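Note sheet for the following structure.
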Amino acid sequence: MRASQLFAPTLREDPAEADIASHRLLLRAGFIRQLMAGVYTTLPLGLRTIRRIEAIVREEMDAAGAQELRMPIVLPAEPWRATGRWELYGELLFRLRDRHGRDLLLGPTEEEVVTPLVASASCSYRDLPVNLYQIEWKYRDEYRPRFGLLRGREFLMKDAYSFDRDQAGLERSYAAMYEAYRRVFERCRLDHVIVEADPGQIGGGINHEFMARAEVGEDLFVECEHGDYLADTEAARPMPPEPAGEPTEPLQVLDTPDTPTIESLARFLGVEAARTLKCVLFDVGGRTVAVLVPGDREVSQTKLDKLMFPEIVRPFDEEDFDRRGFVKGYVGPQGFEDDVVVVADHTVRGGRDWITGANEPDRHVRGANVGRDFRVDRWEDVVAFREGDRCPIDGGSLRVGRSIVVGHIYQLGTKYSEPLGATFVDEDGTPRPFVMGCYGIGISRIVAAAAEQYHDELGLRWPRALAPFDVVVIAATAGDATHEAERIYEELRSRGIDAVLDDRDERAGVKFADADLIGYPVQVVVGARGLAEQQVDLKLRATGQRTRERLDEAAQAAADLLEAAP
RNA sequence: CGGGACGUGGCGCAGCUUGGUAGCGCGCAGCGUUCGGGACGCUGAGGUCGCGGGUUCGAAUCCCGCCGUCCCGACCA
């Protein structure tokens, strides 16, 4: 490609709407242009990078036994009603209506399409497993699109779906995808971690997130300083504290006017929040569940959801407090009726003589102790992770890392096959629902994640595998240099290397600046200065390292440098 | 959806407080000089000042409404 023909409008200044590096540089370097919030045009350079990522993904998916297909983006509402997601997804769905008044949506993911599709093939258990994937644009009307390609309303995703006869089969399919994903992100050179993520309300299903480290990432994970523990922040289980000793105080009631929050209570009494016992009430499938955590900690509803699955967990609202006779802001676990389930986090074992609610307005108690003053029905891990918690394996200090989720794989089981009536015929002749897995890779998000990890003050610095082109040949001066540059460019192309010839009628400085901004891995500079000695200059963008090579070996040298590039 | 900021040639911005018919830099076009790290000079094109309403002799500027974009947030006793 000749730069004079390439539509790559680079910007000299940072666009006003972009804050983070990837967004700013992808705009400036001419990879993308914004059309509206969360929707971008992909320019030729951006599309080349996307194609390279797609190629890697395709190779690994195919090698893992998945088959590519293409499903529609405009979808009928009916199957989404069947699975409940027409309601559940709410505003997240782009909905539209056709001329006949039929409800349609733009696909945010495609279980509702692929599941009936496979079912319609009248499968026998002998046809399984099947794994189908596509690379297609997805649509989600995010409540707040942001950060350019990181959270768009339109994004390119590889989505794969496996269909197995049973859980054992699913686990095999899942393991194959897990390995394929590892290879994909290795080949993309993304610095990433893999964590077992929280299954949330779906419950039970194992799932893993592939997270590219990035300071600007919205997704948090927890890691031990010694590298032996990794977890989703919602799933992290800190090491429990040493158990506290026997009670030392009698239970006594305190007048604590106007102290409905832990903060106001701690201030009123002049004690640490950690001395108080927080008692949070939830409705779980109609029953009252009281969750106890130290006052300076929070309950993780995600953990509670998982614990109570398949029951639905809902925090108490005003009405619940009134109707069930609890005093909001002054709830304590003493004297609960038997129908209240008391769940305490392990961290509660680390305290005694608690200050907690007295179950009457403006009053608390002190000296409340487990066993003597209140009962605990279940000891569980329900506390939200907090900076400073210890590693459950070696007690090391845990820290929070930020990341961009670029891949997510999931064991779905029969969550979709059952409501959609998607079955195969098993060996005994009876229909059974497929045991499914789903596997996503955010292709357009990889572009942004890689830009976050590979850039400097000059611009983008693509790893070889993701760069829009491998090499740029810069004609730095007119005359002979132009001819030599052209010759080197042709030689590179004949070697199968994706090269750009910067033949624009621009000053050398402009070409250098654009080359650095766009981030070609290798630059070959052909100019009068070098030609006087029959030499050219090579630059490796990743390190900035420059070398001189003989003119007649320029293409070979560039190829070698590219080979050695990260 | 709540809070905040911002919408002025393609891009980045000034002008608005105190109303008087729009300006700077970059980019773009032409000519000349220059030519290995975002050159210089001269000339030129390009703007419904986000949209609608109002106030006024007169609105980019003041008032009201709407739209758009960006940032922060979304829930716990």
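Note on naming: letters A, B, ... go to the chains in the order of the sequence lines (proteins, then strands), and numbering restarts at 1 for each one. Just so it is clear, the model here is predicted, and its values are computed rather than measured.
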Any side-chain N or O of A:R12 less than 4.0 Å from the OP1 or OP2 oxygen of B:C26? no
Counting only side-chain N and O atoms of A:Q523, is one of them less than 4.0 Å from OP1 or OP2 of B:G37? no
Looking only at atom [atom1], what distance separates [N] and [M], rounded to whole Å?
N	M	atom1	answer
B:C66	B:G27	C1'	33 Å
B:G23	B:G44	P	14 Å
B:G53	B:G12	P	28 Å

Measure from the side-chain heavy atoms of [X] and tell me the nearest of [options].
X	options	answer
A:D19	B:G37, B:C71, B:C35	B:C71
A:R507	B:A39, B:C76, B:C70	B:A39
A:F512	B:G36, B:C26, B:G73	B:G36
A:V510	B:G38, B:A77, B:C71	B:G38
A:L281	B:C71, B:G12, B:A77	B:A77
A:T477	B:C72, B:C35, B:A77	B:C35
A:A476	B:G36, B:A77, B:U69	B:G36
A:F316	B:C70, B:G36, B:A77	B:A77
A:D514	B:G36, B:G38, B:A77	B:G38

Using a heavy-atom cut-off of 4.0 Å across all strands, would you classify A:E91 as base, sugar-phosphate, or nothing? nothing
Within the structure shown, what part of the strands sits under 4.0 Å from A:G527 by heavy-atom distance: base, sugar-phosphate, or nothing? base
Take A:H23 and A:L27 through the side chain to side chain contact (heavy atoms under 4.5 Å, CB included) test and state the conclusion after the steps. CA-CA 6 Å; A:H23 190 197; A:L27 286 167; 3.6 Å; yes
Length of the line joining [X]:[atom1] and [N]:[atom2], which is rounded to integer Å:
X	N	atom1	atom2	result
A:R24	B:C70	CZ	P	17 Å
A:R297	B:A77	CZ	P	15 Å
A:E13	B:C24	CD	C1'	12 Å

Residues A:D516 and A:Q523: side-chain donor-acceptor under 3.5 angstrom: yes
Indicate whether the side chain of A:R363 and that of A:T256 have a donor and an acceptor atom separated by less than 3.5 Å. no
Quick one: sort the A:F326 and A:F336 rings into parallel, tilted or perpendicular, breaks at 30° and 60°. perpendicular
Check: A:W462 ring centroid to A:F31 ring centroid under 6.0 Å: yes
Check whether the side chain of A:R548 and the base of B:G36 form a donor-acceptor pair under 3.5 Å. no
